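Note that the structure is a prediction, hence the values are computed from the model and not measured. Within every chain, numbering begins at 1; the chains are lettered A, B, ... in the order of the sequence lines, protein sequences first and strands thereafter. Only heavy atoms go into these numbers, but all of them, side chains included; no hydrogens, no water, no symmetry mates.
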2 protein chains.
Amino acid sequence: MVTMVDIDLDTMRTSAARTCSMLKTLSNPDRLLLLCQISQGESCVSDLEDALDIHQPTLSQQLGVLRDEGLVDTRRDGKFIYYSIASKQALAVMQVLYEQFCEVKPKRAKG
Amino acid sequence: MVTMVDIDLDTMRTSAARTCSMLKTLSNPDRLLLLCQISQGESCVSDLEDALDIHQPTLSQQLGVLRDEGLVDTRRDGKFIYYSIASKQALAVMQVLYEQFCEVKPKRAKG
DNA sequence: ATTACATTATATTAATACGTATTATATTGA
DNA sequence: TCAATATAATACGTATTAATATAATGTAAT
């Protein structure tokens with residue numbers, strides 16, 4: 001169990017709405033992988049395309065969703081556009097998701 | 001930035017799919033509040049109804065979704081059915097969401 | 001046992017909206 | 001003019017949600 005202070009229902013609903021908005025954005029495999037990749041370090045679109053094997057218009061569309069939700073920032077360098085994580089909240093969530101769903105824990109000997 | 005070990009694309013996609021499945025389940029304000037409430041301690045349906053002001057069939061429907069996804073367990077005691085968190089992964093995610101979206105940090109004086 | 005009531009779940013439907021993939025085209029910069 | 005990226009337009013299927021009604025299970029009283 002987890003300790004959370006008691007807050008009123010309106011406040012809770014407001015927070016829940018903001019939270020759900022982010023969660024929905026994360027609830028797509030392509031976007032999740034994109035964020036995962038970008039959270040490893042700034043990446044340009046063609047890097048992401050190579051790394052994740054998502055084809056370009058889809059990639060661009062989903063990156064657009066991430067931008068609209070404010071989860072990523074962009075920076076242009078010549079022909080390339082570099083993406084980075086803009087939301088510390090998203091980063092915190094990604095970190096836990098990684099720990100819970102991707103990290104393999106070494107098994108301990110019984111005893 | 002966050003440190004994650006490099007894993008192959010198939011494995012990543014498999015993990016992403018499982019992760020998205022849970023995220024989708026969390027991506028609804030009613031369900032999120034339900035989980036939040038239940039993570040505070042085992043609750044029966046009428047408690048949840050009172051606490052969250054969601055009407056009964058909706059409540060039951062959304063609890064069904066949480067059950068189907070394996071996020072909650074139930075236990076009957078007479079007329080009442082008690083819900084509790086079944087997934088440590090969900091609990092971990094709820095904890096971070098709470099920290100990131102609900103917790104109010106006291107402001108420090110400058111300097 | 002039967003009745004009645006409280007608690008929770010299920011079924012059904014209607015309305016709406018959403019997500020995604022695809023193809024084509026536009027923009028920007030070297 | 002080519003490479004990198006974004007946008008537009010469309011089309012398809014399907015998911016989401018709320019609402020209403022009804023069923024199932026348990027308890028208590030008679």
Side-chain angles (χ1 to χ4, degrees), chain A residues 9 13 16-35 37-38 41-86, chain B residues 9 13 16-35 37-38 41-86:
Chain A
L9 193 51
R13 288 213 167 273
R18 285 193 310 128
T19 307
C20 282
S21 165
M22 161 171 289
L23 290 174
K24 277 189 78 167
T25 306
L26 302 185
S27 298
N28 168 283
D30 287 339
R31 288 194 296 267
L32 197 60
L33 290 176
L34 284 170
L35 276 178
Q37 200 69 25
I38 295 168
E42 208 190 36
S43 324
C44 70
V45 180
S46 47
D47 288 348
L48 295 168
E49 194 176 355
D50 292 347
L52 301 178
D53 197 30
I54 302 172
H55 85 199
Q56 189 270 321
T58 300
L59 204 52
S60 201
Q61 199 177 354
Q62 301 303 353
L63 287 171
V65 175
L66 296 176
R67 265 183 277 125
D68 291 347
E69 185 71 9
L71 303 189
V72 294
D73 273 338
T74 59
R75 166 179 81 80
R76 180 183 276 277
D77 181 8
K79 288 193 283 192
F80 301 90
I81 295 184
Y82 286 88
Y83 281 78
S84 57
I85 302 288
Chain B
L9 192 50
R13 288 214 166 272
R18 285 193 312 127
T19 307
C20 283
S21 166
M22 161 171 291
L23 291 174
K24 276 190 79 168
T25 306
L26 302 185
S27 297
N28 167 285
D30 287 339
R31 289 194 295 268
L32 196 60
L33 290 176
L34 284 170
L35 276 178
Q37 200 69 25
I38 296 168
E42 208 191 36
S43 324
C44 70
V45 180
S46 44
D47 288 348
L48 295 169
E49 196 177 354
D50 292 347
L52 301 179
D53 197 30
I54 302 172
H55 88 196
Q56 189 271 321
T58 301
L59 205 52
S60 201
Q61 197 179 351
Q62 301 303 353
L63 287 170
V65 176
L66 297 176
R67 264 183 277 128
D68 292 347
E69 185 70 9
L71 303 190
V72 295
D73 273 338
T74 59
R75 165 180 82 78
R76 180 183 274 277
D77 181 7
K79 286 192 285 193
F80 300 90
I81 296 181
Y82 286 88
Y83 281 78
S84 56
I85 301 288

Tell me whether the OP1 or OP2 atom of [N] has a side-chain N or O from [X] closer than 4.0 Å.
X: S46(A); N: dT5(D); answer: yes
X: R67(A); N: dT7(D); answer: yes
X: K79(B); N: dA28(D); answer: no
X: N28(B); N: dT17(D); answer: yes
X: Y83(B); N: dT7(C); answer: no
X: R31(A); N: dT20(C); answer: yes
X: T58(B); N: dT17(D); answer: no

| task | Please tell me which of the listed nucleotides, dG29(C), dA18(D), dT23(C), lies nearest to the side chain of D30(B)? | result |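 Of the options given, the side chain of D30(B) lies nearest dA18(D).
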Nearest-nucleotide pick for V45(A), side chain only, options being dT23(C), dT8(C), dA6(D):
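The answer is dA6(D).
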Derivation of the side-chain contact (heavy atoms from CB on, under 4.5 Å) call for L63(A) and V72(A): CA-CA 8 Å; L63(A) 287 171; V72(A) 294; 5.5 Å; no
Go nucleotide by nucleotide along DNA chain C from the 5' end; which of L63(B) and S27(A) gets its closest nucleotide reached first?
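Its nucleotide being nearer the 5' end, the pick is L63(B).
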Q | Exercise: identify the closest heavy-atom pair between Y83(A) and T74(A) | A |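 Heavy-atom minimum between the residues: CE2-CG2, 3.3 Å.
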From [atom1] of [X] over to [atom2] of [N], roughly how many Å is that when rounded to an integer?
X: L52(B); N: dT8(C); atom1: CG; atom2: P; result: 14 Å
X: R75(B); N: dA9(C); atom1: CZ; atom2: P; result: 14 Å
X: K24(A); N: dA15(D); atom1: NZ; atom2: P; result: 14 Å
X: L66(A); N: dT7(D); atom1: CG; atom2: P; result: 13 Å
X: Q62(B); N: dT8(C); atom1: CD; atom2: P; result: 17 Å
X: L32(A); N: dG19(C); atom1: CG; atom2: P; result: 15 Å
X: D77(A); N: dT5(D); atom1: CG; atom2: C1'; result: 14 Å
X: I81(A); N: dT28(C); atom1: CD1; atom2: P; result: 10 Å

Please lay out, stage by stage, how L52(A) and D30(A) fare under the test side-chain contact (heavy atoms from CB on, under 4.5 Å).
CA-CA 8 Å; L52(A) 301 178; D30(A) 287 339; over 6 Å; no
Check: Do side-chain atoms of S27(A) reach the backbone of L23(A) as a donor and acceptor pair under 3.5 angstrom?
Finding: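 Answer holds: yes.
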Polar side-chain atom of R76(A) near backbone of G78(A) as donor-acceptor pair, under 3.5 Å:
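The answer is yes, because a donor-acceptor pair under 3.5 Å joins these two groups.
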Check your understanding: Under 4.0 angstrom, heavy atoms only, what part of the nucleic acid is Y82(A) near: base, sugar-phosphate, or nothing?
Key ->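 Counting heavy atoms under 4.0 Å across all strands, no contact is made by Y82(A).
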Check: How is S60(A) classified with respect to the nucleic acid when contacts are heavy atoms under 4.0 Å: base, sugar-phosphate, or nothing?
Finding: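 Base: the residue S60(A), judged by heavy atoms under 4.0 Å, touches a nucleobase.
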For dA4(D), does the base pair up with any side-chain atom of Q56(A) as donor and acceptor (N or O, under 3.5 Å, distance only)?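 Looking at the base of dA4(D), it does not pair with any donor or acceptor on the side chain of Q56(A) (distance under 3.5 Å).
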- prompt: Any donor-acceptor pair under 3.5 Å joining the side chain of Q61(B) to the base of dA9(C)?
  reply: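 Answer no: no donor N or O sits under 3.5 Å from an acceptor.
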Check whether any side-chain heavy atom of L71(B) sits under 4.5 Å from a side-chain heavy atom of V65(B), and report yes or no.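 Sidechains of V65(B) and L71(B): no contact.
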